[in-house]
Number of protein chains: 2
Amino acid sequence: MDQDKINHIQEKFPQLEPALLLEIAKAGVIKHLEPEDEALRTGQYLKSNVLVINGLVKVYREDEEGDEFLMYYLEGGNACALSMMCAARNEQSQVLAKAITPAEVLMIPAHVSEQWLVRFPSWHNFIIASYRARFDELLQTLDSIVFKSLDERLVFYLKRHQKVLGKEVRLSHQQIAEELNSSREVISRLLKKLEQTGAVILHRNYLEIINLDLF
Amino acid sequence: MDQDKINHIQEKFPQLEPALLLEIAKAGVIKHLEPEDEALRTGQYLKSNVLVINGLVKVYREDEEGDEFLMYYLEGGNACALSMMCAARNEQSQVLAKAITPAEVLMIPAHVSEQWLVRFPSWHNFIIASYRARFDELLQTLDSIVFKSLDERLVFYLKRHQKVLGKEVRLSHQQIAEELNSSREVISRLLKKLEQTGAVILHRNYLEIINLDLF
DNA sequence: TGGAATAAGTGACTTTTGTCACACGGCAGG
DNA sequence: CCTGCCGTGTGACAAAAGTCACTTATTCCA
């Protein structure tokens, strides 16, 4: 009966040992999200680890005015490192996580998973690897803001989009501007420049990535 | 004999259990650093966890041109979360860590500390807390670049300096500019403005922080 | 089918930040 | 003591990014 659930999880988390998967299937609750649904809100108290099974989740940092800056994506097989850190100490989320495709996420109560650290090496390794992966992505994002100009940041943004969502970018210039914390007109102009070099093709409400390798 | 060493470490890491401190004293090597000494270099392969016992260490992110951007400080009692993540998987450091005062750091081989996670709850808690603390600081730094203008970033920078080093900032405008990845003239002008509001007093080669609370 | 709403394009302008050139002044080493 | 370097001050300018106002184009649906 639960075997389906186990297989389903194992498919996306093959590095976890069988005995652990059994426990995950027992303790974890699968939540279905639609695009725009929030998996995590800034300020929310967390008691669960959040793992993404399927779909795509964007993680944002917010400021006081409600501006949302894209930090990174979570794909199927990824864990939200921040949720784990918060859950472990029952603290507030510092970020907003929002599904952008239909998604399945696995919620694992922290008081259960805590014991797994000792009992299952693969869980411990998974946690460390998740922390590390998220930290690395955050550093990449930091680099792009600190060391690069807006046109380079835009290319970085589009490349990352391509990696997880493919060459079709179904976002308006306004939306892209918001995720980069810039303004629509500036992004429009920069995209136009990219189009003139043949790197992208612009349409209403979406754009196609042709080739960003030159940047 | 080793009791001195244990006491010394315990003083700065009181949350660690006595049995663990004994093992740390056995396995850990204390390294003395002078100002400007590097505790960690970008690209270096790490086999050890780095804990700061005394002194102050600055952690920088570097770009290809060698520009160094200040991410955060490590004080006595802090662990370098990045060193731990790297050491756990024998990967390369993504950052540069540099002592800015005489400092003592504790190097703990990763293959030893790995077993502690299972045996000592206080070690596990310490690791999680360190990850969390560093991640939070990085988010703060990210905020300041993404959402704030340079004058606000400068105030943020000075406030952080004050927290760990006090009201005397023994840095030239040039050095401050580099850590913010800006230019000397711009920082000079912004500092001048701050001086006019009475927030700081400027001198040759150093400045005094009077009151930054208004910003 | 004809507005209304929304997305995108564009020129003019402002603000912020960076760059260049050079002046000033103090301090250190000869 | 003087001289040369280094840190700082400053004006003028350039470049990057943001803002404003308005136009054009597309879609939706009443």
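Throughout, a chain's letter reflects where its sequence line sits, starting with A, and its residues are numbered from 1.
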**Request:** May I ask you to evaluate whether B:Lys192 reaches the phosphate of D:dG9, defined as a side-chain N or O under 4.0 Å from OP1 or OP2?
**Result:** yes
**Request:** Would you tell me if any nitrogen or oxygen in the side chain of A:Ser188 comes within less than 4.0 Å of OP1 or OP2 on C:dG9?
**Result:** yes
**Prompt:** Rounded to the nearest Å, what distance is computed from the NE2 atom of residue B:His203 to the C1' atom of nucleotide D:dG9?
**Reply:** 16 Å
**Prompt:** Is the shortest heavy-atom distance from the side chain of B:Ile30 to the side chain of B:His32 under 4.5 Å?
**Reply:** yes
**Asked** What is the distance, rounded to the nearest whole Å, between atom CG of A:Leu191 and atom C1' of C:dT10?
**Response** 15 Å
**Request:** To the nearest Å, give me how far apart CG (B:Leu190) and C1' (D:dT8) are.
**Result:** 14 Å
**Atom-to-atom span, CD of A:Glu185 to P of C:dT14 - whole angstrom** = 16 Å
**Prompt:** Can you check the A:Arg189 CZ to D:dA15 C1' distance for me, whole Å?
**Reply:** 14 Å
**Asked** Going by an N to O cut-off under 4.0 Å, is there a salt bridge joining B:Arg132 and A:Glu91?
**Response** yes
**Message:** I'd like to know if the side chain of B:Asn54 pairs up with that of B:Lys12 as donor and acceptor (distance under 3.5 Å, no hydrogens or angles considered).
**Reply:** yes
**Item:** Gap between atoms CZ and P, on A:Arg184 and D:dG18 respectively (whole Å)
**Value:** 13 Å
**Message:** Rounded to whole Å, please give me the gap between CD in B:Gln196 and C1' in D:dG9.
**Reply:** 12 Å
**Request:** May I ask you to check whether over 12 heavy atoms, not counting those of A:Lys159, lie within 6.0 Å of atom NZ?
**Result:** yes
**Message:** Of the options C:dC27, C:dG9, D:dT27, whose atoms approach the side-chain atoms of B:Arg204 most closely?
**Reply:** C:dC27
**Prompt:** DNA chain D: A:Ser149 or B:Ser172, which has the more 5' nearest nucleotide?
**Reply:** B:Ser172
**Message:** Need one value for A:Ser183: base, sugar-phosphate or nothing, where a base atom within 4.0 Å counts as base even if backbone is also close, heavy atoms only.
**Reply:** base
**Message:** Nearest whole Å is fine: how far is C:dT19 P from B:Ile187 CD1?
**Reply:** 12 Å
